[in-house]
Each structure stands twice: as structure tokens, then as C-alpha cells.
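The block underneath contains the structure these notes are about, expressed in C-alpha cells.
Index from 1, following the sequence.
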Amino acid sequence: PVRAQAGVAAATPAPAAGVRPAQLPRELPDFTGRGEHLAALLGALTAGPGGPGAAVISGPTGAGKTALALHAGHLLASRFTDGQLFVPLRDEDGWPRSWRAVLSEMMQGAGLGVPLPAEENVAIGLWRSWLADRRFLFVLDDAPDEASVRRLLPGRGANATIVTSTRTLGALESVARIRLGEFSHAEVLEVLRRALGTSRTLDAGDAITRIITRCGAHPLVIQVITAKQIGRASCRERV
């Protein structure tokens, strides 16, 4: 169900005249791993005419879907000369936002400063007409279902869309699909090496195997373990 409009976050204000929207949250300088997934995502979105122009990153909560989407978005930003928009498809309480709230935010963010038509089909047609000759990158975060995404996708042009969702959105047509699961052994080692330093992880192969066996290699679990190791190291340094 879609929560009442009162629970929806305030729409993004329209950009000032002459200002290209660059709404992606900040890049994570310590982004680690997911090399194959990143390559597949970038390849899908730079395939040119005939390419999908849209990609869905799916996986469980805490798998790093949004982090991967933002990392790719920053790498691709220079290609999309009209701007980049980041739009959550759920509100702060986790409820799906209404199509009117989302589309209104996207129209304002992209500089389309006209009233949103009352009829859904008319509003979507106006939006796609606006996009047809432009180059925008959209990151649609935490999509609840296929319908919430399908109505927002550009109909033509050189735009691209990255969607994140805990669901695979299997009924969404003609999109590239990136499925995130647990980290590989090599990715766990890379995360630990970047966080703790090469010297402390040089001979950590057996320890990492034990960690994965006991706790699994879910990114959120590895993040918690890494944070604890950093905390212990800080305590030792202060002693």
C-alpha cells in the first residue's frame, strides 16, 4: 500500500536557472569490492543505442546496492550533461511513495517547472517528452515493485537509470540485472586490507576463512567485524 501524502518527504526544490542538477549523495572514498558487478553495470549503461539504458541492482538489505549504484553514478556523471538525480522511492518510514510525489520531485529536479497534470498518463507523457532530447542519469533507490519504476523510465533518448531494490523486479522489461550476494573471499580480504592496512592482513587468509565460515560474508557482517577490529586497534594504540 502507498502511505498518505502527509508521510512523504518534501519535494526537491527546482534548481536555480543555469545550474545543472548533481543530486547524487557523496561518493564513498573507501568503496571496495564488487569489481565484476561494477564492470557489468557500467557496460550496460554505456552500451549506446540498442543497449538497455536501465539496470536493476537487487539483493538483500545491507548488500551494498545503493553504494554500488552511487559509485557507478559518479563514474558516469560526466556522460550525462543535463545532470544526475537521486530519488528515493520509499519515504523515511519505508512506505512506497506515491507516483505523484516521485514524479513531481523528478520534474522539479530536472528543471521542468510546470504543474503536474492530474492524469497519470498525461503526466508521464509530459515527462518522457521532456527527456527525449536530453541526457540525464537517474538513480531510483529502494523500488518497491515494477510499476513504481516502469512509469518513470524515459521512453527514448540518451538517458540512463539505475534502480536498487530488495526484489529482482523480474517483470520489468529490457533492463540489465545485477544481483548482489555475499562478498567473495578476495573481496573480504580487500575490505579488511583497506580498513586495517596491508601489514595486518598479509597472512590473514586462514583467519578470513574462519570469519566467513562462522559469520558468513554478507557485506554488513564484514563491515561490523571490520569496525570492531579498528576499535580494538585504536584501544591498543592508546594503551
Side-chain angles (χ1 to χ4, degrees), residues 1-15 20-25 41 44-45 51-59 61 65-66 68-70 72-73 76 80 82-178:
V2 176
R3 172 169 271 194
Q5 195 70 15
V8 174
T12 301
R20 185 183 71 171
Q23 297 179 2
L24 299 183
L41 180 58
L45 297 178
V56 175
I57 305 173
S58 62
T61 300
K65 301 180 294 295
T66 302
L68 176 60
L70 293 177
L76 293 171
F80 297 95
D82 287 302
Q84 309 88 43
L85 273 66
F86 179 88
V87 184
L89 299 190
R90 295 180 185 268
D91 65 19
E92 294 180 354
D93 296 323
W95 289 81
R97 300 176 62 192
S98 71
W99 72 267
R100 293 190 63 84
V102 173
L103 188 55
S104 177
E105 178 177 335
M106 295 179 73
M107 288 172 58
Q108 290 184 54
L112 179 54
V114 298
L116 183 68
E119 295 185 13
E120 180 177 348
N121 289 340
V122 175
I124 293 172
L126 174 64
W127 173 239
R128 289 178 175 161
S129 298
W130 168 258
L131 295 178
D133 297 315
R134 290 174 169 80
R135 297 180 66 93
F136 279 100
L137 172 67
F138 302 103
V139 177
L140 306 179
D141 194 45
D142 202 8
D145 53 35
E146 290 88 345
S148 65
V149 174
R150 187 180 291 114
R151 63 169 63 94
L152 302 175
L153 294 178
R156 52 159 287 188
N159 304 282
T161 306
I162 305 174
V163 181
T164 72
S165 179
T166 55
R167 301 178 56 195
T168 59
L169 304 184
L172 196 61
E173 309 86 353
S174 300
V175 298
R177 300 189 183 280
I178 312 294

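When side chains are defined from C-beta on, L152 counts as touching L89, because their heavy atoms get closer than 4.5 Å. Two residues are said to be in side-chain contact when any heavy atoms from C-beta on lie closer than 4.5 Å; V56 and T168 fail this criterion. A 4.5 Å side-chain heavy-atom check between L131 and F138 finds at least one atom pair inside the cut-off. Residues R177 and P52 are not in side-chain contact: their nearest non-hydrogen atoms beyond the backbone lie 4.5 Å or more apart. Between P96 and R90 there is a side-chain heavy-atom pair separated by less than 4.5 Å. Annotation: side chain of V175 is not in contact with side chain of L169 (no heavy-atom distance under 4.5 Å). No side-chain heavy atom of K65 sits under 4.5 Å from any side-chain heavy atom of D142. E173 has its side chain within reach of R150: a pair of non-hydrogen atoms, C-beta onward, lies under 4.5 Å apart.
Each of L137, I162, L76 was checked for a side chain to side chain contact (heavy atoms under 4.5 Å, CB included) with Q84, and the lone residue meeting it is L137. Of the residues listed (V139, L103, L140), the one engaging V87 in a side chain to side chain contact (heavy atoms under 4.5 Å, CB included) is L140, and it is the only one.
Among all heavy-atom pairs drawn from V149 and A143, the shortest one is CG2-CB, 3.5 Å. The shortest non-hydrogen separation linking F80 to A160 is CZ-CB, 3.4 Å. Nearest heavy-atom pair, R134 versus F136, reported as atom, atom and distance to 0.1 Å: CD-CE1, 3.7 Å. Across all non-hydrogen atoms, the minimal contact from P88 to E105 is CD-OE2, 4.2 Å. Taking every heavy atom of both residues into account, A69 and T164 meet most closely at CB-CG2, 3.8 Å. Across L41 and A55, no two heavy atoms sit closer than the pair CD1-CB, 3.4 Å.
With respect to D133 and R156, a salt bridge is recorded, a charged nitrogen being found less than 4.0 Å from a carboxylate O.
Atom CZ of F86 sits about 5.5 Å away from atom OG1 of T66, to the nearest 0.5 Å. To the nearest 0.5 Å, atoms CE (M106) and CG (L116) are separated by 12.0 Å. Residue D82 holds its CG atom at 8.0 Å from CG of N159, rounded to the nearest 0.5 Å. With values rounded to the nearest 0.5 angstrom, S165 atom OG is found 10.0 Å from L172 atom CG.
Side chain of R100 to main chain of P117: a donor-acceptor pair is present (N/O by atom type, distance under 3.5 Å, no hydrogens or angles). At least one donor-acceptor pair under 3.5 Å links the side chain of D91 to the backbone N or O of D93. Remark: side-chain polar atoms of R128 are paired, donor with acceptor, to backbone N or O of L153 under 3.5 angstrom. S104 places no side-chain N or O within donor-acceptor distance of the main-chain N or O of A101, the cut-off being under 3.5 Å. Put simply, the side chain of R151 never gets that close to the backbone of I124: no donor and acceptor are under 3.5 Å apart.
Around CD of E119, the count of heavy atoms belonging to other residues, nucleotides or ligands within 6.0 Å does not exceed 12.
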